[in-house]
Every structure is written in structure tokens, then in C-alpha cells.
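Each chain gets a letter, A, B and so on, in the order the sequences are listed, and its residues count up from 1. Keep in mind it's a predicted model, so treat the numbers as computed, not measured.
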Amino acid sequence: MKFRVNEISRASGAVQDFLLGALDRPEVCRLALPSGETLTPTPGFVTLATSNSGPDGLDPALRSRFEVILHVTGPAPGLIRKLNGELAGLGDALADSFKDPERALDARKLQSFQMLRLSGVRSEQAVVLAFGDAAPDVLSALRARGLRI
Amino acid sequence: MASDGRARAVPAIVARAGPFDVIGVPLSVGGRSALPFRKRRGIFVAPIGSEAQAIGVRQHEYGHLALESSGLIRASILHYLLRNGISEFWAQAGLDCIVNGFMLGVNCAEISSLKPCEFPLPTGAQRFLLATIYLRCVLLDCAEEYRPALIYEGGFDAVEIAVLDDIGNRLAARGRDRVRTPGPYLLDELGTLQAIFGPHYSTRTEDVEESERSDQIDPVLKAGLASTFTRKRAEWGELEHVVISHTKLHRPARSTLRRRPGFMGPLRFPHRAILGGDGQAFSEISRAAGGTALIDCSGSMSLNEDMVRRLMSKLPAIEIALYSGFPANASKGWLCVIARSGRLGDISGLSPKFGGYNVIDGPALVWLGNRRAPRWWISDGAVNGRDGVQSRSLYLEAINLVRQFRIQRMDTAMALLESRKSRTGSV
């Protein structure tokens, strides 16, 4: 069983308090539901939490409940493959942009751009809609890279 | 779909590497960029604005990074060109031209709005600077505006503009077609431009006046260079010296050694020492006028003995040599000294050797360069090598030899004679 917490750093104090209990060691972890039912973790129970802002912003007690902290420095390989499948080189461009983390492309915006293109919007318009003022640079860079857009 | 509300350079996408130091500068500063190298961060300096020109500058820098990262241009090409004598002005202009072609080829149209230089043209700028600026804008919108200014204000002629257009378009086409540009190719193209427009770095003197003089290229050679577009590999033929006996004594109009009254030397004019004389009783010896003339005997050119004698009368110490390719063997040429030290040989025996291709212009000019100055090259200015192949590299070499050895080209032997007449006022 897996428990996934998205954007954990944005969780409110009450949610973090709840997580303190939920993420405790399996032998002491007990969640009492309002219905009176009690939940205990089954063997193999895993909790995953993601955040864009890094673990330093988390409460130390909550942070210590995670056994491993992984720094993800690039987009998901699956996303790269998907984008490359739709337009040769687009996923690789996204991956390479992460080599300069301060100026990495927003993967969601790039997906929006590609979605607009696939729905028939011209590249020049799609990039403006997706990236706003950064559009000329993104489009120029992608074209200079050899993408046929 | 959100917008973050600001322009943002993304060099890592193009460079396929990072991170970069991105520095925004005013539009007038232009841009520069460098790929990351080992642990050194990349550099991307450009105006960060949304004006067309600012976008154009950024596109240009993306182009540089793209060409380098894709291997179409080696990162070390600039050092290669500089090591081989190409001025940095030309090297940068050539690379910029390729980059502009590349970016236009990938539909980055804003680059057309780039202006390498604001109007009016800088007053007093050297010709080569104006030429490098024009090369940069060959494909840009400003070229139309720039061309008449170069002609009317910069004093460029149509041939020079055509050479810049031709080479600029060829360089840009390599970028547009994504053809790898090796160093020797760029060296050849930019060497041609540097030979025509300068700057020329003289190894003999650092005198500015000499440098300016050497900037003048023979117009016929320049036109030949401009009209020779073949990139066929060409080389000079083998030079064979033909030796004839100088059996005919020519009685020069003036003595080979001139003795003039002076205050030093042997006492030859004692009458000048007596009362009323100027005291110049001694004789000073001065060398007679001379030099070396190399005459191109290829094609329809011919020379008769009368003309040789007239040259010797005017220039008693002249040495005259003929050269041409063998009519029956286009890979070899001959050179024969027909007059030397007031004596001449029988040139009638050489007539069957006239009329081939030039073949050995280069080696013959080297021979001339090692003879006594002044040096004249009597030729129509058409240069070709083995098998009569004309090539820009051969023209370029001939231009450099003419400049290096301070050789004057004359169309005909009569022209040389006329030039001596006008110099002294009489034969």
C-alpha cells in the first residue's frame, strides 16, 4: 500500500499534525477514525511526499519521519519519453533545460504548449500562450536546437 | 496557462549543458556567449528585453551556442583562425555570418532586425572595419541600407561589394544548410577578404605609411580573385630553369656605372678644383638604373628583341626574365633569364615555348622577389596553376607575393617603358 502526499510543504498545520501520527513507526502508528474504526499500517506500507521547495522548510519532526530524501534534478523519464514521442527532441530539450536549474523549463507549460500545437494552434501562438514573455526565447532556443516547430 | 511576466534566456536548452551565468546588458553592448567547460559555468551576455533587436541579439547568441554544441563549428576555431593570421575582426564577422544564416534557416526571423552598426557609418574608420561590419549584415535587413553608404561614403567599389556579398552568402548558406564548417575552409574565405580589405600586418616594418601602402592591391588581381569562384584544389606547376647564353652585347644608352663629380673618390675632374670651379674634382660612382622584369609569355603574349633592347637602354642594369607554362605539358613551366648585365641572349629559340598556360606564376614571383629591386611583373594579371586551373587560393597567393616583395605589375613591357619615360621626362 502506498500513501502519496503531494506538495507537502504547502500542507497546513493541522494536516502536518495528522501526518506526524500517520508517519510514525508502524508498531506505534494508530489512526482512530471518527467512525471508531482504527487503522494500522499493513506490511509494506510506504509513504511518498513531494515538494518543490525542498525539505528544509518542513517541521524537523515531520522531516525526520522520512527515511530517505531524494533530490529530483530533472523531469520524469516517462514524461521525456512521452514528449519525445510527440515531437522528436522536445523531451530532451526539457531534460537539458534542467542542467541550468535556475532557468529550467516548466514541464507543465511545455506540456501545455505541446497540447496546443497538437490541437492545431500555430507554434508561435502556442508558445506565447504557454510561456508568456519567455516565449521568444523558448521558441528560438527550441528551433536553434533543431526542433521542427 | 500562466505567464511569468518576464523575458528569460534559456541557453542550456541550446547548449545541452549548463549551468550558465546570464547577464543582462544594454542593447548597445550586444552579446557574447560561451559554453560551459569542465567546472566553469557557461556565459550568456545579452540584452534581456522584449524589443525585436534584443530578441535578435539573444537569437544570435543561441545560434553560436547551437553551432558549437552540435559540432558544426569547433569551439577552438577562433584560436585556429587567429593562429593562422586572420584578424579577430574577420574571424568574428565570419562566424557571425554563419550564425545568422543558421538562425534564419530555423525560422528565427527576429535576427533580421539586428544592426551590427548604427548609422551613420563611423567616420574615419579603416576600410577593413567597414567591410567586416558589412559582412555581418549580408543577410540582415540593414544590408540594403548599408550598401550605398559603403559605396558613397566608404569608397568601396562594386567588385568589393560583390566579393563581400558572395563570400557572406556562402558562409551563411553553410549555416542555413547545417553544413560543418572546418577551419581551413573558413581560413580560405576569410583570408581572401583580409587580402582584399586588410588589415595587413607587415613583417618588414611597422611603419604606418608602409602599412597603408601595402593595403593597395593590384586592381586586376583583385578583380581576378573576385571573379574566380571555383573552389577546385589547385597548385602551381613545377618550375624549370631554361639557361641561354647571353652572347649579344647591348651598348647601353648610359654607362652601367655612372661617374659623377663629387668630393670623394679618385681625382678625375681636376679642372673643377681650379679657381672658379665647384671643387667637385673627385668622381663618385653610382649604380645605373636597373631592377628586374619578369615577363609572362603565356597565351598570346610575345616579346621581340627590339623591345628588350629598348628596356635595356632605359634601364642599363635591368635583368629580364621570361616565363610560361610548356605548351605541351600543363604541369610544368619554364623561366629563362634573357638579359643581364648589359648582355642579352637569343630569344628566337624560346618562341616554341610561348603560348601555354601560366602554370608557374607563383614560383616565378618567388624568383622575382629574390632579385634586385625594383621588381616589375609584366602580365595581364590572370593567374593559373597546374593544368591551367584558376583558383582563389592561387590568386590569393599571388596577391600576397606581390605585396610581400613589393612587385609592380604592368600590363605590357611598353607600359613599363612609358612609366620610366614619365619618370625621367625622356628616353
Evaluate the side-chain proximity of B:Ile133 to B:Tyr146: yes if any heavy-atom separation is below 4.5 Å, no if none is. yes
When every non-hydrogen atom of B:Pro47 is compared with those of B:Val57, the smallest separation belongs to CD-CG1, 3.5 Å
State, yes or no, whether a side-chain contact exists between A:Lys99 and A:Asp96 at a heavy-atom distance under 4.5 Å. yes
Parallel, tilted or perpendicular, judged at 30° and 60°: which one describes the rings of B:Phe44 and B:Tyr62? parallel
SB check B:Arg32 B:Glu61 (cutoff 4.0 Å): no
Spell out the residues in residues 11-20 of chain B that have some non-hydrogen atom less than 4.5 Å away from a non-hydrogen atom of chain A, in order of number; otherwise answer 'none'. B:Pro11, B:Ala12, B:Ile13, B:Val14, B:Arg16, B:Ala17, B:Gly18, B:Pro19, B:Phe20
For chain A, which candidate among B:Leu67, B:Asn107, B:Leu65, B:Ile111 shows the most heavy-atom pairs at distances under 4.5 Å? B:Asn107
Heavy-atom pair with the smallest gap, counting every atom of B:Cys142 and B:Pro116: SG-CD, 3.7 Å
For A:Ala104, is it the side chain, the backbone, both or neither that has a heavy atom under 4.5 Å from a heavy atom of chain B? backbone
Nearest heavy-atom neighbours spanning B:Ser112 and B:Leu104: OG-CD2, 3.4 Å
